[in-house]
Every structure is written in C-alpha cells, then in structure tokens.
> 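My questions will all concern the structure given below.
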There are 2 protein chains.
Amino acid sequence: MWRGIAIIYASKKDIADKLKEVLKKDYPVYVFKYSEANFEYIWKCYDAIVFTMALSGAVRTICNYAKSKDVDPAVIVIDDSGKYVIPILGAHWGANDLALLISKLLDVEAVITTASENFGVTSVEDFSRKLFCKILNVKEIVKVTSALLKGEKVCVQGLEKLPEGVNGYVIGEECNYKVVLVEKEPERYEENTVYLKPYKLAIGIGSKIETDPAVIKKGILETLSKLNLPLNRVKIISSVREKVKIVADELGIAFRLVTREEIEAFSDECLSPQSEKLKEIGLKGVAEVSALIAGGKGAKLLLRKITYNNEVTIAIAGFE
Amino acid sequence: MWRGIAIIYASKKDIADKLKEVLKKDYPVYVFKYSEANFEYIWKCYDAIVFTMALSGAVRTICNYAKSKDVDPAVIVIDDSGKYVIPILGAHWGANDLALLISKLLDVEAVITTASENFGVTSVEDFSRKLFCKILNVKEIVKVTSALLKGEKVCVQGLEKLPEGVNGYVIGEECNYKVVLVEKEPERYEENTVYLKPYKLAIGIGSKIETDPAVIKKGILETLSKLNLPLNRVKIISSVREKVKIVADELGIAFRLVTREEIEAFSDECLSPQSEKLKEIGLKGVAEVSALIAGGKGAKLLLRKITYNNEVTIAIAGFE
C-alpha cells in the first residue's frame, strides 16, 4: 500500500515514464526530474522514492535527508540501463516489496540484499498504513519490527481480521510483541507494544462538470473496497462540485462544499504537483485540497489523488 | 591499485574471511566486525571499504561519513547471502573496478549501475594513486574526471609511459583536459589541469630474526616491480633489524635503523590494526611505523604492510 510514489530520473526519462505507466493504475505516482526536484518536499511527503540513475548518485543524495528507519521513505534505484531494481533504504519497511513489484512489472532483476529467512514480513509502519492508522508511540516500532525480522509472531488486538498481504501477524493476545488498535490514547503504554489509532477519513472529490454522480459514487466505493476500508470510516465527503452532495447523501455521509476562494487560501506542504489541467485553471489542487479542508486543522494526506474513469479524482485525508 | 581495503561484516564472517583470502595475495586487506569497527578511522585511512551486510544498513552507515567524491573511499556491498557485489559509492572512482574484481574472484554477480558507455575509465584519483603521487590541486579533479566520463581523452605530461590498466589517458599535450606531473608546485595552475607531484618513498621492513637478507631484497624488488615503481623513487629503507642495512647498501639506498623506543613513542591515526603477533610482543607496528618514521614529519602511509614469503612485511610511506 503506497500513498504516493515519487520517481526521480537523472537522464533516462523513458524509464521513469514507463514505470509510471505500469504503477499508476494502482498507486498515485509522480515523476520528477533530478535537477529540478525539491527533495525536502519529496522526502517528507512521499512514502516511496524510486531513483532512475546510478546508485552512488542516489546514495549521495539520500544521505542529505536520511534520518531513521521509522520516518524515512522506502528508497529504490533503477540503474540507467534498466537492468536492475535495487532497494537501498527501508528494505524491510516496504522497499523490498516495491522492488519486487517493479521487477515483475518491468521484467528487471530485483537485487534483494537482506537475509532471505526474514523475507516478506510486513513492517509495523506498513501495517499501520494499510489500516490508515496513526502510530501513537513511534519509538516502539523498531523493537517490534526487529522481533518480526527475527521470526517472532506479533499479536494484533482490536481487529477482527488481518488485512490481506500482511505477514508476521496473528489476531490474538498471547505474544511477546503486540500491535493494538485503540480508539483513543491509552492511559498506560505497555512495553513491546505499538498502539495504532484509526484516522477518521475525509474524501475529497474532483470531477468534470458533466460527470454523472453515479460514476462518482462508484469511484468512491471501488476505491474504498480496494483499500479495504469500510464505509463507516469515512466521516465526510468534500468537493467544489455541488452535485457531489447527492452522492454523500446516498451514502449517508456528511458533505462539505468547498469554494474556490477556500482552495486559493489553503496551503499544505505535501500537495501533489499541479497537473497541466490545474495549472490552466489556476488551482493548486482540487481533490487533495478538498479532503484536507474537510478534515480540518491537522488533517494529513493519506492517499494522493487517484483518477477514476478518466473523469473523477479521489483523495483521502486523515484527521483525529 | 588499492593501498588498503577494509572488509566490514555484520554477521557473515565467512564471506568476509573468504574475500580476504582471495584479495590478500595482491592487496593489504583487513577484516572488521561491524559492531566493533571504528568508522572514523576506517573512512579516513582505507581507500576501499567492502561491507558484507544488507545494502540499506551499509547506506545508513556511510551517510554519517560521506563527504565528497574526491575524498571518500570507494564503497562496495556484498549481500549476506553472497549473491551480489554492488558498488555504492565512488563507482567511477574505483568501486566499479573493485566490484568486478570481487565478482570474478568469488563468482558473484556484480551489480554495475553506471551507464555502460563511460565504463572502465580510470579516475584521476586512481591514476594518481597508481603513480604514488600527491594531487596538488584537488578541486580540479571533479572537472577532469567528468570530462573523462563524457569520453574526452585526458593528456598526460611529465610521464614517458602510461601505467598499465589505465583507461582514458594519452601521453601528449593537445587535450582540453590534462594531468601534469611536476617535481614541485607550479607557479601558476592552468585550468582543467590536475597537477600531480610524485611522493618520495620510504620503505619500512619487518622480518623474522632468522630471515635471510636476500629474501628481504627479493621482497622489496618484487613489490616495487608489481607497483611499477622504479628503484630511484625510494629514498630510504628502514627497519628495526640491523641486517636490513645490508639490503639497503646493495640497492644503493639510505638506511634508517629504528629503535623499539622510537616505535613506542610514535603514533599515527592510520596504522593497520595490530596482528596477534604484534600484540604478543607489545608493538603497535613494525613495517608501517618504520616507513613513517623514516619518511619524517608529514609522511603518509601509501601502502599498508603486505607480507612476503611469510617472513617479511613491507610497507611504503610517502613524503615530500
């Protein structure tokens, strides 16, 4: 589950574009040219970065930004001749998985360098991301992920069923290490336990003027279904288009109309780059900005805008 | 040409030891355990580092030390399952070459990620190292190496014949970029030109008490021959063993006897780790320390001690 993948190319734009084509069906993907890229923004706002350039250049670049396993994005390199895809940061935090996916999609060799015995385990961060949760005690992550890598099972409490594609976890209470879903901050934090609090979700919608509300509704439901999110996680739907209220009403969810003035006055450091279309009409964003405005102060972009049926854009923000 | 290779392993000591075995015939090689390694020392004092561990751990480690292309060592990773050898820093500065050598010696796959068209060119730094020279204007290196990588030929002046295994250079004067060997600092530095000044060399010798001087002489001559160094580059030979004077006299080179007290009083941050033998007799070094003492203040270790015929150690220091 990737909320946003940044592809950064030095000279081989063709590889970057090809990768975008194969990934964009399932993930929000943005391509940046190395010499023009704002790395502060990319490092902070994307959860995976794919460099298409020589490894040592990528290493020198990320050295300026790398902080620690629990906050850095997963980083991957595809070499200029498109022969290898190599996870270089966050191997166990998603980079191995993404490299294997790219390896399959582009038919290039994945260079996996972590020991194979602990391969395929889902990091706590990725687990939390899949559930659209906030990690309440970030410091405990490394301990629990290390236990996972050593082959320990981690018990999950507060959840009926594990999300698909998750490895290393069991529903239960009898483990040394745990992940616990809570509705509010616990009074006491147990050791070796990571606490996750599900975000409330705000959906932001952009659409063509002529788009049928039924298409918007279908887009929302299919997106939620793909993300394994039940409808009751969504607290508000938001748009500049009044007709989206029809959809919200049908789904029994609150609606927030956003004005062009509100969009103009809004700012968030992690918005996706403007599309050509948005540049034309002079808007910094629609779906993402609507979701963030509806989520209120402190809302966080959890899914960058994705396009449905070539006429609807959908973004998800989380708030508490 | 590597003056010293440091191998750092996390858990797979067997891979590190195997690599040391195949490299030590030709290069000074030292193995360090990751958790005990002094990275400040290794980063400063070795010109190549091979990590045998997962790539992302190695990347996080080197991020703490990497400064710039012209001062950092070449860095390579061998993954824990011993499947890949991957240059991760200084690809064009020797790391590609060393990775290819290791690939051949250990029969593992070299993951080369730089564009193939500029492959195999010798960096200016490596060129200088092969000739045991000091680079007088370090700042100009990046320009000349970039030109090499773009396929420009670089002219070499002040040298009759190129060293073996050097690519991208011609003897001559008609190039846009040059490397010039000089005996002393030029009055004016030309643009796009790197100036190299050959070091004067001091050879330090350690040997068993019973070693025949003829073996020491042979060891010195074979070492110089392997390094393509003419005898007249050596200004002094030094040892704690008086009989080494016989060898120096035969070769027509000055001799400097070093006392145990001098060795005890001497310190240099880049000495190789003590061998078990040296620990036993309580000496921090013999060949390296002798070479550095003979070279005088400011002398620099250019070749870590290598062992000849299991009874002689030879180290080379450079001085001005």
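Convention: sequence-line order gives letters A, B, ...; per-chain numbering from 1.
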> Who pairs with B:Phe127 by ring pair (Phe, Tyr, Trp, His ring centres under 6.0 Å), at least two apart in sequence or on another chain?
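If we apply the ring pair (Phe, Tyr, Trp, His ring centres under 6.0 Å) test to B:Phe127, skipping adjacent residues, the hits are B:Tyr169.
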> Please identify, among A:Ala66, A:Gly57, A:Ala58, A:Ser68, the residue contributing the most non-hydrogen atom pairs under 4.5 Å to chain B.
A:Ser68
> Looking at B:Asp80, B:Val77, B:Leu89, which makes the most heavy-atom pairs under 4.5 Å with chain A?
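Highest number of heavy-atom pairs under 4.5 Å: B:Leu89.
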> Run the side-chain hydrogen bond (donor to acceptor under 3.5 Å, both in side chains) check on B:Glu109 and A:Tyr84 step by step: do they pass?
CA-CA 12 Å; B:Glu109 181 172 356; A:Tyr84 299 107; 2.9 Å; yes
> Please state whether the side chain, the backbone, both or neither of B:Asp72 comes within less than 4.5 Å of a heavy atom of chain A.
side chain
> For the residue pair A:Tyr46 and A:Tyr41, confirm or rule out a side-chain donor-acceptor distance under 3.5 Å.
yes
> Under 4.5 Å from any heavy atom of chain A, what part of B:Ile78 do you find: side chain, backbone, both or neither?
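For B:Ile78, no heavy atom lies under 4.5 Å from chain A.
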> Under the rule for disulfide bond (SG atoms under 2.5 Å apart), what residues qualify as partners of B:Cys133, not counting sequence neighbours?
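Disulfide bond (SG atoms under 2.5 Å apart) list for B:Cys133, sorted by chain: empty.
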